[in-house]
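This report concerns only the one structure given below.
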2 protein chains.
Amino acid sequence: MQDTPNRPYHHGDLRRAIIETALEMLRAEANWQFTLREVARRAGVSHAAPYKHFPDKAALLAELAMIGFDRLREALMKAKPEASRSLLEEITPIARAYVAFGTDNPALYRLMFSAEEGRAVGMHLNERALAVFEVVLEMLGSGQAAGNIRKRPIRGQAAAVWSLIHGMTMLAIDGLLVPEKVGSAPLDAALSTLVEGLEIPQPNT
Amino acid sequence: MQDTPNRPYHHGDLRRAIIETALEMLRAEANWQFTLREVARRAGVSHAAPYKHFPDKAALLAELAMIGFDRLREALMKAKPEASRSLLEEITPIARAYVAFGTDNPALYRLMFSAEEGRAVGMHLNERALAVFEVVLEMLGSGQAAGNIRKRPIRGQAAAVWSLIHGMTMLAIDGLLVPEKVGSAPLDAALSTLVEGLEIPQPNT
DNA sequence: ATACATTGTTGACACTGGCTACTTTGCTAT
DNA sequence: ATAGCAAAGTAGCCAGTGTCAACAATGTAT
């Protein structure tokens with residue numbers, strides 16, 4: 001914990017330090033090509049040290065992606081309001097938190113959704129990704145039960161919600177749409193349109 | 001065109017050949033890290049030959065991205081039906097063509113939306129990207145004029161449409177959602193939800 | 001105290017990739 | 001014919017990167 005200036009050996013918890021350094025770099029630079037050596041450099045250890053904690057580069061990458069999904073899910077849960085009168089009121093803070101996570105961690109977000117070699121990793125990732133997806137499913141399910149949302153197949157509606165938010169996040173990361181000075185205006189506008197497709201239409205439209 | 005086995009010098013139209021080779025590779029392999037040397041290899045020329053036609057790697061990349069946007073726009077225009085009774089009928093083939101373009105050219109599509117160093121390239125790309133965006137704007141504009149679409153700020157609706165389709169395309173490329181055996185079911189379902197948010201609600205809903 | 005496992009360091013290897021001379025080829029214009 | 005020039009080839013530099021093997025330091029168990 002304390003940073004005694006000379007601590008050449010036995011860092012203490014290098015594994016965690018490496019992960020956090022990597023996460024920090026994935027947050028700071030939008031287009032960063034991940035290299036083990038640079039992570040080690042920034043963590044203040046030798047270039048081979050990470051191999052004592054991770055079998056290879058892919059393993060670290062996979063772990064980072066999983067942590068990303070976990071953190072994203074936490075951010076969404078935290079943003080979720082307890083009570084809300086309308087679907088728009090419920091979905092807006094969640095969507096904003098989602099997009100904010102993406103723009104705050106651009107490289108990490110891209111990593112999370114990169115298929116990466118083979119299917120093995122992809123399958124594990126899907127478990128975590130599914131947990132995020134389920135936040136959307138729950139919201140829609142309770143909305144349908146409460147009678148606010150049209151009775152349509154939930155998976156289709158969820159696909160619409162997730163695709164829209166994922167798309168906005170990606171576009172925001174890449175600098176098109178929501179170029180940060182516009183604020184969240186396009187986000188809110190798009191959300192309104194989406195919500196009008198989810199909600200049961202009211203007479204006064 | 002013909003592959004005369006010995007054609008060491010003066011390829012004829014190497015510039016075009018390089019571009020098409022690169023496009024082919026960007027279509028075939030989803031996760032391909034672009035390297036000039038491999039393009040040259042596959043084009044059957046020496047690894048330094050491309051430098052006679054492109055100042056550096058970034059220039060070729062930028063050109064490929066622009067061609068990508070042009071081809072995407074062409075695909076959308078071709079898919080656009082002349083006459084359509086409903087908004088859903090109009091938007092569905094366009095959206096399908098969009099997603100199909102993405103899944104057919106996964107690496108190219110990613111390249112098109114990667115911010116890439118600096119802003120200069122990004123700005124040029126934005127012109128082409130804007131041309132694609134305008135296909136959406138036109139559709140919404142004529143829909144509003146015809147009285148099929150709610151009178152909302154068009155840019156917000158367009159943001160919703162583009163984000164949703166872009167998001168689905170990305171998810172499809174990455175193997176989540178629309179994993180090719182499901183066909184276009186999730187796509188169509190999401191589109192329905194979106195269209196219901198765009199259209200003026202009918203009494204029999 | 002001593003042996004051992006852990007965790008770091010150092011150094012090296014094999015490879016790749018972008019890029020830059022310099023040379024060779026072959027078309028074209030005089 | 002020949003001179004010139006554009007386009008392609010050859011060779012190589014230089015900077016990285018992932019990975020491994022050998023060595024050193026540190027904590028821990030006997």
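So you know, we letter chains A, B, ... as the sequences are listed, proteins then strands, and number each from 1.
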Legend entry - Qualifying residues under side-chain hydrogen bond (donor to acceptor under 3.5 Å, both in side chains), relative to B/E138, sequence neighbours excluded: none
Legend entry - Sequence-distant partners of B/F133, ring-ring contact (aromatic ring centres under 6.0 Å, His included), two or more places apart: B/W162
Inset, instruction - State which residues pass side-chain hydrogen bond (donor to acceptor under 3.5 Å, both in side chains) with A/Q144; sequence neighbours excluded, sorted by chain then number. - result: A/Q157
Legend entry - Contact state string [nucleotides 10-15 of chain C, B base, S sugar-phosphate only, - no protein heavy atom under 4.0 Å]: BBB---
Legend entry - Interatomic distance where CG belongs to B/D56 and P belongs to C/dG18 [whole Å]: 11 Å
Legend entry - B/S142 (side chain) donor-acceptor with B/M139 (main chain) under 3.5 angstrom: yes
Legend entry - Nucleotide D/dG16, atom P - distance to CZ of A/R41 in whole Å: 8 Å
Which donor-acceptor pairs under 3.5 Å do side chains of residues 16-27 of chain A form with protein atoms, sequence neighbours excluded?
{"unit_1": "A/R16", "atom_1": "NE", "unit_2": "A/D13", "atom_2": "OD2", "d": "3.1"}
{"unit_1": "A/T21", "atom_1": "OG1", "unit_2": "A/A17", "atom_2": "O", "d": "2.7"}
{"unit_1": "A/E24", "atom_1": "OE1", "unit_2": "A/R27", "atom_2": "NH1", "d": "2.5"}

Legend entry - Value in whole Å for how far the C1' atom of C/dT7 lies from OH of A/Y51: 16 Å
List the atom pairs, donor and acceptor, that lie under 3.5 Å between side-chain atoms in residues 75-85 of chain B and the rest of the protein, sequence neighbours left out.
none

Inset, instruction - Classify the angle between the aromatic ring planes of B/H166 and B/F113 as parallel (below 30°), tilted (30 to 60°) or perpendicular (above 60°). - result: tilted
Legend entry - Distance in angstrom units between A/L60 CG and D/dG18 P, rounded: 10 Å
Legend entry - Gap between atoms CH2 and P, on A/W32 and D/dG16 respectively (whole Å): 15 Å
Inset, instruction - Identify whether any heavy atom of B/F54 sits under 4.0 Å from a base atom; if not, whether one sits that close to sugar-phosphate; answer base, sugar-phosphate or nothing. - result: nothing
Inset, instruction - Check B/A159 against A/P186 and note the closest heavy-atom contact, atom names and distance. - result: CB-O, 4.3 Å
Legend entry - Listed partners of B/E74 passing salt bridge (charged side-chain N to carboxylate O under 4.0 Å, His left out), at least two apart: none
Inset, instruction - Give a yes or no on whether the backbone of B/R37 and the side-chain of B/R42 come within a donor-acceptor separation of less than 3.5 Å. - result: no
Please write out each protein N/O paired with an N/O of nucleotides 3-6 of chain C under 3.5 Å, distance rounded to 0.1 Å.
{"unit_1": "C/dT6", "atom_1": "O2", "unit_2": "A/H10", "atom_2": "NE2", "d": "3.4"}

Inset, instruction - Decide, yes or no, whether a salt bridge links A/D174 with B/R110 under the criterion of side-chain N to carboxylate O below 4.0 Å. - result: no
Inset, instruction - Could you check which of C/dG18, D/dA8, C/dT7 has an atom nearest any side-chain atom of B/H53? - result: D/dA8
Legend entry - Within residues 44-66 of chain A or reaching into it, pairs that qualify as side-chain hydrogen bond (donor to acceptor under 3.5 Å, both in side chains) - sequence neighbours excluded: A/R15-A/E63
Legend entry - A/E38 CD - D/dT19 C1' separation (whole Å): 18 Å
Inset, instruction - Run the numbers on A/R152 and B/E196 for salt bridge (Lys or Arg N to Asp or Glu O under 4.0 Å), then give the verdict. - result: CA-CA 11 Å; A/R152 301 274 190 278; B/E196 286 181 336; 2.6 Å; yes
Inset, instruction - Provide, to the nearest angstrom, the distance between the CD atom belonging to A/Q33 and the P atom belonging to D/dA15. - result: 18 Å
Inset, instruction - May I ask you to list the residues of residues 14-26 of chain B, by number, that have any heavy atom positioned under 4.0 Å from an atom of DNA chain C? - result: none
Inset, instruction - Tell me, please, which residues at least two apart from A/D104 pass salt bridge (charged side-chain N to carboxylate O under 4.0 Å, His left out). - result: none
Inset, instruction - Please give the angle, rounded to 10 degrees, between the axes at the start and the end of the helix from C/dA1-D/dT30 to C/dT30-D/dA1, where five pairs define each axis. - result: 10°
Inset, instruction - With heavy atoms under 4.0 Å as the rule, sort A/K52 into base, sugar-phosphate or nothing. - result: base
